[in-house]
Each structure stands twice: as structure tokens, then as C-alpha cells.
Amino acid sequence: MSNSNAERETWSTRIGFILAAVGSAVGLGNIWRFPFQVGQEGGAAFIVMYLAFVVLIGFPAMMVEFVVGRSTGLNAVGGIREFAGGAWKYLGGLFVFIGFVILSYYSVVGGWVLRYVFGSATGGYIGTAGPDEAPVAQQYFFDIASGLDALLFHALFMALVVLIVALGIKRGIELGVKIMVPAIIAIFAILAVYASTLSGAGEAYAYYLSPDLGYLIDNWKSIVPAAAGQGFFTLSLGMGVMITYASYLSEDENLGIDGGTIVAFNTGISILTGLIVFPILFSAGVSPGDPGAGAIFVSVAEALGDLQFGRAIGVLFFATVAIAALSSAVSLIEVVVSYAIDEFNVPRVRATAIIGTLIFALGIPVTIDPVMVDLYDIFAAKILLVLGGILLVTAVSWIYSDKALAELSKGIGSFSGIGTVWLWTVRVPVLVVLIISLYLGIDSFIDFLAGPFAEFLA
Ligand code: PFF
């Protein structure tokens, strides 16, 4: 994001900031990633851990990024350099690297969404399978998730991201988010009501909403890093995106209330998505973990085949998801683009085009097979974002805590108590939990390499 005043003004209102931050947070993380993590990590047991992470770790960590952004008025990379300085400036380099990795596969999944807009229009995933064939909705996902389809739509998604950023249409994004959030809530609510009428709804709600604590205890080593990864991913934390957005805020803004609003919207949309996905999967007799990264696609396609006006609803649904994905993707590439502009003085349009092309290239291997999505995704969410979070929290809460406290206090009335609680929360419990999560995340990445990935290579 350039620092020109004209651009600075666009998000200088509170609602503009919240819209932009919600636009970044709400995306494929809620609609694609959340249900698939829930399905793989045992349903409600995962949700409990996820909610704990979002509230107890994610929210305070978001305040850390807000503090850096508002006090420096700079983007992710410049913000950390100015706030902390010294060797901490290399943290900006890590943020840029993370942005690269995440957007490269995010765009492939965004491409699937775009593909489904067309697939809905033609009804491609609707139909009855022959006796020895896989159900049509499942087969369709399998067909488009890799290969030429995936590659072309990955290219289309990246092209749209580059276009939006190169043209600098922030206002367009703001408008997009204003339409997107109510549209998501409306369309998703309709689908959730429909899902509640299905035969498998009862069983699905039990799976989704009543946690099996025994399962949680037995499987915490895989659930904890999954919840950490999902918490950071869904809230756009760990790579400085929220630094950039908070740089547009004025000092009389209460950061806690803004952060709470963002977290609440974001969490609500994830939970709502699950209320669609699981009743449909259970009713179709599909085990919730089986479709993996295809959970949202397979389940929604399954339902649309059944609904009146299914195709039209499908187009609306996937187009809305595409807007959500684009507004998040824009925040990801912006970290890299603003770095290039600041650091190398490249014009915005050229920087965006070059970076977009490089990210597209990095995503090409992901279109070979869905297992590649997992490879990139586990590495990015469970390792990189958590690592970024740990380093950022350490710098802000241990080394530059005076500055951080002073900044947080602006805009919060009866401050002192809350500030101290926040500081000690991030200093000790948040850091300890994140370090454990990182360790376990590395472990689960190694397991993945030795298991599914080695199988794929063999
Ligand atoms: N929060 C976005 C989502 O849930 O889809 C993805 C994302 C955006 C992750 C920006 C990280 C980030 F920095």
C-alpha cells in the first residue's frame, strides 16, 4: 500500500477499516478451510479448541498487529522496521515470503471456486451416477481440482487479483465487502435452513456441535496445531496484514472493540458454513473427513442438485465466495507489493504484474494434485503463520512493550488494567501456546511428508 495521502484517506473511517479487515479475514479460510479442518480433526472437539484459540490467542495477537500498524502508520514491512528496528526488520522479509506461499495455493483454491461458478451455470456437477461410478458431485470435484482446469482457473484468479490491485481500486473492494458480507449471511442462512431439513441433520449436529472431550484429550497433538493454524489463517494473522490495515486508523479508535467486531463476524461465518456442510455430507452418507479439501465443494454441489433453482443458487453462492476470496487475496498480495514499492521503488502496476506472475508460477505445482494443496497449506498455516506470530508477539510484548502499551491505551478509556492484562496474556500464555503449536505443527508436517506425500510421490 503506498503512503500517498489520497489513498490514506479512503480507509480513514472506522467502518472503512472494519470492512477492509473483515474483507481480509473472511475468505476461503472460513468457507473452504474451516469445514475441511473440522472434518479432519474430529468435529466438535476441534471447534472447542478453535474457539479457544480465536478468543484467547487470536484476538490478543490481533491487538499486537494493530498496535504496530497504528503507531507507525505504515504497512507490514515498513511498520515492523520502524516499530522495532534492528534485526527485527528481517521479520518483514518473512511476512513477504509467507504472502508468496499462501497466495500461491490460495489462488488455486480460488480458481476452483471460479470453476464452480461456471459449473453451476451449466449444471456440470448435477446428475445421477451409474451403478459402479462415484457420485457425480464427488467425481466433478476430482476432475476439476487438478490438471488443466485447475491451472487455467488459477491463472484467472491471479489475473483478477492483479487487476484489482494494479488499478488501485480500494473503494471497489470496500463496496465488494459491503455487498459480500450480507450476501454471504443471506445465502448461507438459506442453505443452512435447507440443510437442517435433511435426514442426516441430527447426526451432523451431534458431530458438529457436541464435543467429545475424550476425543479431544486423545488427539490434542493434532488438534492443537490445526486450531492454531486455522485461527491465524482465518483472522489473517502472522504475516502483518492487520498491521497494514490498522495503519489507517485514528488514535481515538478503540482497538479492542474493532478487533472484537472483526473476530465475531469472522467466527460467525465459519460456524454458519459448517451448518451447511455437515448435514449435507451426513445425509449423503459421506464421512465428514473423506472429501478433505473438497468438503465445501462436494457438499454444496450435492445439495444444489436437489434444490429448485439449484443452478442459480449455485452461481450466486460461488460468486459470493469468489468475492470473499478475492478480497482476502488482495490483502495477501498487498503485503508483497507494498514491500516492492517501498524497497525497490518500482511503480505499483509493474510491481503487481511481476509479483502476480511469480506467485502464479509458485502455484503451478499445486495444480498437479490436491495433495499439493495440503503440502503448501500445512506448511503455511501450521508453521509459517504461527512462526510469524511468535516473532511478532515477542518483539512487541517483550522488547517494545512500553510503546505498545502507550499505543493500545489511546482510544480506550479506563485503560491501565486492561492493558496490563493484555500485555501479560501475550507475553506468557499466548507465546507458550504458540511455541507448543509450532512444535506440534512441524511434527504434523513431517508426518504428512512421510505419509500422504510420500505415497503420492511413490
Ligand atoms: N483470512 C483469509 C481467509 O480466511 O481466507 C486468508 C488470509 C488472508 C490469511 C491474509 C492470511 C493473511 F495474511
Notebook entry, point to check: Side chains of Ser210 and Tyr205: donor-acceptor distance under 3.5 Å anywhere?
Noted result: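 Judged by distance alone, the side chains do not pair up.
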
Should [X] and [Y] count as side-chain neighbours, where that means a heavy-atom distance under 4.5 Å?
| X | Y | result |
| --- | --- | --- |
| Ile102 | Leu385 | yes |
| Ile262 | Met62 | yes |
| Glu41 | Ser222 | yes |
| Arg33 | Val109 | no |
| Val396 | Val426 | no |
| Tyr90 | Leu94 | no |
| Leu216 | Leu213 | yes |
| Ser107 | Ile359 | no |

Next item on the list: Please assess His154 against Val366 for the test side-chain contact (heavy atoms from CB on, under 4.5 Å), listing each intermediate value before the final yes or no.
Entry: CA-CA 10 Å; His154 165 46; Val366 179; over 6 Å; no

What are the two closest heavy atoms between [X] and [Y], and how far apart are they?
| X | Y | answer |
| --- | --- | --- |
| Phe282 | Gly200 | CB-O, 3.6 Å |
| Pro452 | Val371 | O-CG2, 4.2 Å |
| Ile390 | Leu431 | O-CD2, 3.7 Å |
| Ser270 | Tyr50 | OG-OH, 3.8 Å |
| Tyr207 | Gly42 | OH-C, 3.8 Å |
| Pro35 | Phe278 | O-CZ, 3.4 Å |

Measure the spacing between [atom1] of [X] and [atom2] of [Y] and express it to the nearest 0.5 Å.
| X | Y | atom1 | atom2 | value |
| --- | --- | --- | --- | --- |
| Met49 | Ser437 | CE | OG | 8.5 Å |
| Ile276 | Ile271 | CD1 | CD1 | 12.5 Å |
| Leu281 | Asp290 | CG | CG | 9.0 Å |
| Phe17 | Leu19 | CZ | CG | 10.5 Å |
| Asp374 | Gln40 | CG | CD | 6.5 Å |
| Leu249 | Leu255 | CG | CG | 6.5 Å |

Item checked: Test log, rule side-chain contact (heavy atoms from CB on, under 4.5 Å), inputs Val108 and Met372 -> CA-CA 10 Å; Val108 174; Met372 297 298 291; over 6 Å; no

Check: Quick check: are there more than 12 heavy atoms from other residues, nucleotides or ligands sitting under 6.0 Å from CZ of Phe59?
Finding: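 Count over threshold, so yes.
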
Next item on the list: Return yes when atom NZ of Lys403 has more than 12 non-hydrogen atoms of other residues, nucleotides or ligands closer than 6.0 Å, and no otherwise.
Entry: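 Atom NZ in Lys403 is crowded, with more than 12 foreign heavy atoms closer than 6.0 Å.
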
Checking the side chain of [X] only, and the main-chain atoms of [Y] only, is there a donor and an acceptor separated by less than 3.5 Å?
| X | Y | answer |
| --- | --- | --- |
| Tyr194 | Leu304 | no |
| Arg70 | Glu407 | yes |
| Ser327 | Ala324 | yes |
| Ser24 | Ala20 | no |
| Trp88 | Ile80 | no |
| Ser338 | Val335 | yes |
| Thr244 | Ala76 | yes |
| Tyr125 | Val300 | no |
| Trp422 | Pro60 | yes |
| Asn30 | Gly27 | yes |

Next item on the list: Sort out for me which residue in Phe36, Phe34, Phe53 forms a side chain to side chain contact (heavy atoms under 4.5 Å, CB included) with Gln230.
Entry: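 Testing Gln230 for a side chain to side chain contact (heavy atoms under 4.5 Å, CB included) against Phe36, Phe34, Phe53 leaves exactly one candidate, Phe34.
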
Check: Should Ile47 and Val38 be marked as a side-chain contact (heavy atoms from CB on, under 4.5 Å) after you check the CA-CA gap, both sets of side-chain angles, and the distance that decides it?
Finding: CA-CA 7 Å; Ile47 312 245; Val38 174; 4.0 Å; yes

Checklist line | Lys/Arg cation over aromatic Trp424: Arg427, 6.0 Å, 45° cone | finding: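 Verdict for Trp424: a cation-pi partner in Arg427.
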
Check: How are the rings of Phe445 and Phe448 set to each other: parallel, tilted or perpendicular (split at 30° and 60°)?
Finding: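 Plane angle under 30°, so parallel.
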
Note to self: Tell me which one of Tyr116, Phe118, Phe297 satisfies ring pair (Phe, Tyr, Trp, His ring centres under 6.0 Å) with Tyr140.
What the structure shows: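 The residue from Tyr116, Phe118, Phe297 that satisfies ring pair (Phe, Tyr, Trp, His ring centres under 6.0 Å) with Tyr140 turns out to be Tyr116.
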
Notebook entry, point to check: Quick check, are the ring centers of Tyr245 and Phe66 under 6.0 angstrom apart?
Noted result: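 Tyr245 vs Phe66: aromatic centres not under 6.0 Å.
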
Margin query: Working note: Val298 + Val277, criterion side-chain contact (heavy atoms from CB on, under 4.5 Å); need CA distance, chi angles, decisive distance, verdict.
Written below: CA-CA 9 Å; Val298 170; Val277 171; over 6 Å; no

